[in-house]
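Quick notes on the structure that follows.
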Amino acid sequence: MHRIDHEVSLSGAAACTALLVLLTFGSAVAGPIQEVPFKDEAKLRATEDPGLLGGVTVLTATGRQINGGRSVEVVPARLRWIPDYAWDHRGPGPMVVWLPREPHSAQLPYDTSKWVGANYTPAYAANQIQMWHEFKPDIIERELAAAERHLGLTTLRVYLHNLVYDAEPMALLARIETFLQICDRHGVRPGFTFFDDCWNHTNITLQTEAPVDGRHNGRWAALQDVERQDENLPKFKTYLQDVIRAHREDPRVLWWETYNEPNLKDPFTVKLRELAYAWAKEVDPAQPVIACWDDHPRTDIVNAHNYGDDFAGRWTQQADLNPKKGTVFTEAGARWYGGKARSNGSPIEVIHWLRSRQAAGRTVPGVYLCWELMVGNSHCRWYWGTPDGAPEPAIPWCGLLWPDGTPVSWAEAEAIRHYTTGERRALLFEDFQSLPAPASETPTGWTRYAESAVGSGSHYLALNSRTKVIAGNTDWADYLLESTVMLKQPTGNAGLVFRVNEPGPGPDQMQGYYAGFSTNTLYLGRMNDAWRPLATVDLTGRENGVALDTWHLLRIAVTGDRIQVWFDPLHDDNGPLIDLRDEIAPVRQGSIGVRTHDTDAWFDDLVVLPVDVLKEE
């Protein structure tokens, strides 16, 4: 047999019925042959294998394998064609004659169930241009390490901008590679977004101005109006294709998004979204190509945004829009902002909904939670339309981590991390999502002690005046306790009890401690069937104050005789407001609970964790 050693063109869909296929990935079969898309224009190489029956000519090429596991990915895979007569001498293994041309005919929709992340702009950056132009890999490394440690995120949504590429294309490509290396070290597979119609359409340059307090996403860079001309389409194409081409078969990249929230009333936007999808497909990336809004012909996966709390309605409709594609919520909710009538789909509510879909055997969409990972200079901790100069919110509307890498909410961190990793660290976690409306019963595992009628609530625990509800174990000693609390009346106070022993019906009838707040004061005291104050903090001078009908975050850590109390941590000051030692006959162990005193209050998102989580910082 003569030796052949050159490239040939051969249709992937009709290679030859005389040839059978053996898929190899390294030296082992990696999966079913039918899950390997193979393009018609792919190049095959003919070589002689001297170890096969004394020398047999085989064909090799690179296909794309759809690989399952924690998250479906499309990765390069080596294909090998062997003559029919030689197959029997290769031992048992799969064989086929026909291969699919596209991933859609192999295995779709993509398994989005493990896509849990957030949109990402480093805390130092007010917009995506500042992120890439002033690229600071040391800060990004620290922030993604915190995301891995506290949240177990598997993905991030990351924005690019053509202005950075126009000014420094090689630098941008190099920085993307560095960013991917950082992501890979922390188990994160980002997706990249090219164009955006949100926020500032004019006066954006490489030099980003300082953000304005209160102005949500005040420096964010949309595609600039001056650039929205047909003569710029060639440079937009080069920008998009150069970025994708460098990583078209890179398993570190999860997807490519051509357009975020396009204005479909603008003819140029409609044209650019259509062209951008075609440009991306010309490069033939292994990853899916997506674009807003929801389902349409220019997206491989339904690309949904939702900032509501109607999980049985709109959220479910979007998740089920197109079962052949699947759904990813590239913007999946935000917290219940102070003074608003409802939640915008908090991280804990979204995770609860995902678990309910899992339990029902339904498809599970990917989610990018609470808009962004970092509470930083994007200023998205303020709500849409908040006036310039507004005070800091009690709890950030968006963002999962403070600039120092600590969680905004340890309850949220536990819910997300437990979902993504399967590891549960909480001694107790209660999101009150199981409470119907109206509810007269106490949550399972809790005991109510009250001097007045029971409260009612749906998705939170509502208590009337002079009530306490206790849960947990009296053997608990050192722990972190956290909950959100909403005052409903201007009188009295509400908060958390801890190291509780011998509780009774009276408001002060227990052995242990209480930390609570009114509209003007933070209290810490010890109870021995009577109140003994340990510390107070005047809250009237704090920038974010205490408002009714607003969720406030209360956190306590107890270690030996040391007690620390946090109340509504701030962007630039998230330390405890109380830090003391109770050295005279301290109570050293006990259960936990919630308490109202002469006021009605709501409680939500309560968690008890080993206090050692704080040492991770």
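Predicted, not measured: the structure shown is a model, and the values here were computed from it.
- Judged by distance alone, with hydrogens and angles left aside, the side-chain atoms of Ser591 form no donor-acceptor pair with the main-chain N or O of Gly472 at under 3.5 Å.
- You'll find the side chain of Ile416 reaches within 4.5 Å of the side chain of Leu369, heavy atoms only.
- Side-chain atoms of Thr330 and His305 include a donor-acceptor pair closer than 3.5 Å.
- No donor-acceptor pair closer than 3.5 Å links the side chain of Lys488 to the backbone N or O of Asn464.
- No donor-acceptor contact under 3.5 angstrom links the side chains of Asn520 and Asp538, judged on distance only.
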Could you go through Met486 and His552, starting from their C-alpha distance and side-chain angles, then the distance that decides it, and tell me whether this counts as side chain to side chain contact (heavy atoms under 4.5 Å, CB included)?
CA-CA 6 Å; Met486 182 186 291; His552 296 274; over 6 Å; no
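- Between the side chains of Tyr159 and Arg157, at least one donor-acceptor pair of N or O atoms lies under 3.5 Å.
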Please walk me through it: do Asn306 and Glu331 pass side chain to side chain donor-acceptor pair (under 3.5 Å)?
CA-CA 6 Å; Asn306 198 314; Glu331 296 183 23; over 6 Å; no
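- One N or O on the side chain of Ser346 and one on the backbone of Glu349 form a donor-acceptor pair closer than 3.5 Å.
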Apply the test side chain to side chain donor-acceptor pair (under 3.5 Å) to residues Trp397 and Asn344: give CA-CA distance (whole Å), side-chain angles for both, the deciding distance (0.1 Å), then the verdict.
CA-CA 9 Å; Trp397 189 46; Asn344 287 108; 3.1 Å; yes
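- Taken from CZ in Arg417 to CD1 in Ile351, the straight-line distance is 13.5 Å, to the nearest 0.5 Å.
- At a cut-off of 3.5 Å, with distance as the only test, no side-chain donor of Tyr460 or Asp431 sits close to an acceptor on the other residue.
- Between Thr406 and Leu401, every side-chain heavy-atom pair lies at or beyond the 4.5 Å cut-off.
- Of all heavy-atom pairs between Arg555 and Pro569, the closest is NH1-CG, 4.3 Å.
- With no hydrogens or angles considered, a side-chain donor-acceptor pair links Asp213 and His379 at under 3.5 Å.
- In this structure, NZ in Lys468 is found 14.0 Å from CG in Leu496, a value given to the nearest 0.5 Å.
- The shortest distance between side-chain heavy atoms of Val565 and Leu522 falls below 4.5 Å.
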Between Trp115 and Val367, does a side chain to side chain contact (heavy atoms under 4.5 Å, CB included) hold up when you go through it step by step?
CA-CA 6 Å; Trp115 296 5; Val367 291; over 6 Å; no
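- No side-chain heavy atom of Ile578 sits under 4.5 Å from any side-chain heavy atom of Trp566.
- Between His150 and Trp410 the shortest side-chain heavy-atom distance falls below 4.5 Å.
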Could you please spell out the steps behind the salt bridge (Lys or Arg N to Asp or Glu O under 4.0 Å) verdict for Asp508 and Arg466?
CA-CA 9 Å; Asp508 298 339; Arg466 304 177 72 82; over 6 Å; no
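- Defined by atom type and a distance below 3.5 Å, a donor-acceptor pair is missing between the side-chain atoms of Arg219 and Asn377.
- In this structure, a donor-acceptor pair under 3.5 Å is absent between the side chains of Thr474 and Gln589.
- Smallest separation of non-hydrogen atoms from Asp568 and Leu553: OD1-N, 2.7 Å.
- Under a 4.0 Å N-O distance rule, the pair Asp320/Arg362 qualifies as a salt bridge.
- Judged by distance alone, with hydrogens and angles left aside, the side-chain atoms of Thr154 form no donor-acceptor pair with the main-chain N or O of Val188 at under 3.5 Å.
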Could you walk me through whether Leu428 and Leu606 pass the side chain to side chain contact (heavy atoms under 4.5 Å, CB included) test, one step at a time?
CA-CA 8 Å; Leu428 184 151; Leu606 185 145; 3.4 Å; yes
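- The shortest heavy-atom contact between Gly445 and Ala471 is O-CB, 3.7 Å.
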For Tyr337 and Trp382, run ring pair (Phe, Tyr, Trp, His ring centres under 6.0 Å): C-alpha distance rounded to whole Å, both residues' side-chain angles, the deciding distance at 0.1 Å, then the answer.
CA-CA 8 Å; Tyr337 196 71; Trp382 282 281; 9.0 Å; no
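- In this structure, a donor-acceptor pair under 3.5 Å is absent between the side chains of Glu392 and Asn544.
- Between Trp551 and Phe603, the distance from one ring center to the other does not fall under 6.0 angstrom.
- Side-chain atoms of Arg335 come within 3.5 Å of backbone atoms of Pro396 as a donor-acceptor pair (strictly under, hydrogens ignored).
- Nearest heavy-atom pair, Ile584 versus Arg526, reported as atom, atom and distance to 0.1 Å: O-NH1, 2.6 Å.
- Side-chain atoms of Thr599 and Asn493 include no donor-acceptor pair closer than 3.5 Å.
- Side chain of Thr550 to main chain of Leu548: a donor-acceptor pair is present (N/O by atom type, distance under 3.5 Å, no hydrogens or angles).
- The pair Arg499-Asp478 counts as a salt bridge, with a side-chain nitrogen and a carboxylate oxygen less than 4.0 angstrom apart.
- Within 6.0 Å of CD in Gln358 there are more than 12 heavy atoms belonging to other residues, nucleotides or ligands.
- Taking all atoms of both residues into account, the shortest heavy-atom contact from Ser343 to Ala334 is OG-O, 4.2 Å.
- Looking only at atom types and distance, the side chain of His186 has a donor-acceptor partner in the side chain of Glu141 under 3.5 Å away.
- Between the side chain of Gln130 and the backbone N or O of Ala126 there is at least one donor-acceptor pair closer than 3.5 Å.
- To the nearest 0.5 Å, atom CZ of residue Phe311 and atom CZ of residue Arg357 are 12.0 Å apart.
- Counting only heavy atoms from C-beta outward, the side chains of Val587 and Asn501 approach each other to under 4.5 Å.
- Between Asp579 and Arg562 there is a salt bridge, since a side-chain N of the basic residue sits under 4.0 Å from a carboxylate O of the acidic one.
- Counting heavy atoms from C-beta outward, Tyr449 and Thr447 have side chains that approach closer than 4.5 Å.
- Annotation: the span from Tyr110 atom OH to Thr327 atom OG1 amounts to 14.0 Å, rounded to 0.5 Å.
- Taken to the nearest 0.5 Å, the CD1 atom of Ile395 stands 9.0 Å off from the CG atom of Asp605.
- Asn119 and Trp371 share no donor-acceptor pair across their side chains, judged by distance under 3.5 Å alone.
- Between Ala477 and Val558, the closest heavy-atom pair is O-CG2, 3.8 Å.
- Put simply, CG on Asn127 and OG on Ser378 are 10.0 Å apart, with the number rounded to the nearest 0.5 Å.
- For Gln509 (side chain) and Gly506 (main-chain N/O), a donor-acceptor pair under 3.5 Å exists by modelled atom type.
- In this structure, the side chain of Arg189 engages the main chain of Pro251 through a donor-acceptor pair within 3.5 Å.
- A salt bridge is defined here as a Lys NZ or Arg NE, NH1 or NH2 lying under 4.0 Å from an Asp or Glu carboxylate O, and Asp184 with Arg252 fails to meet this definition.
- At a threshold of 4.5 Å between non-hydrogen side-chain atoms, the residues Val497 and Tyr513 do not count as touching.
- Under the 3.5 Å distance criterion, with hydrogens and angles disregarded, no donor-acceptor pair is assigned to the side chains of Gln128 and Thr121.
- No donor-acceptor distance shorter than 3.5 angstrom exists from the side chain of Tyr523 to the backbone of Ser518, with no hydrogens or angles considered.
- Between Tyr368 and Trp255, the angle of the ring planes goes over 60°, which puts this pair in the perpendicular group of the 30/60° scheme.
- Taking the six-membered ring where the residue is Trp, Phe179 and Tyr120 present parallel rings, their angle staying beneath 30° rather than reaching 60°.
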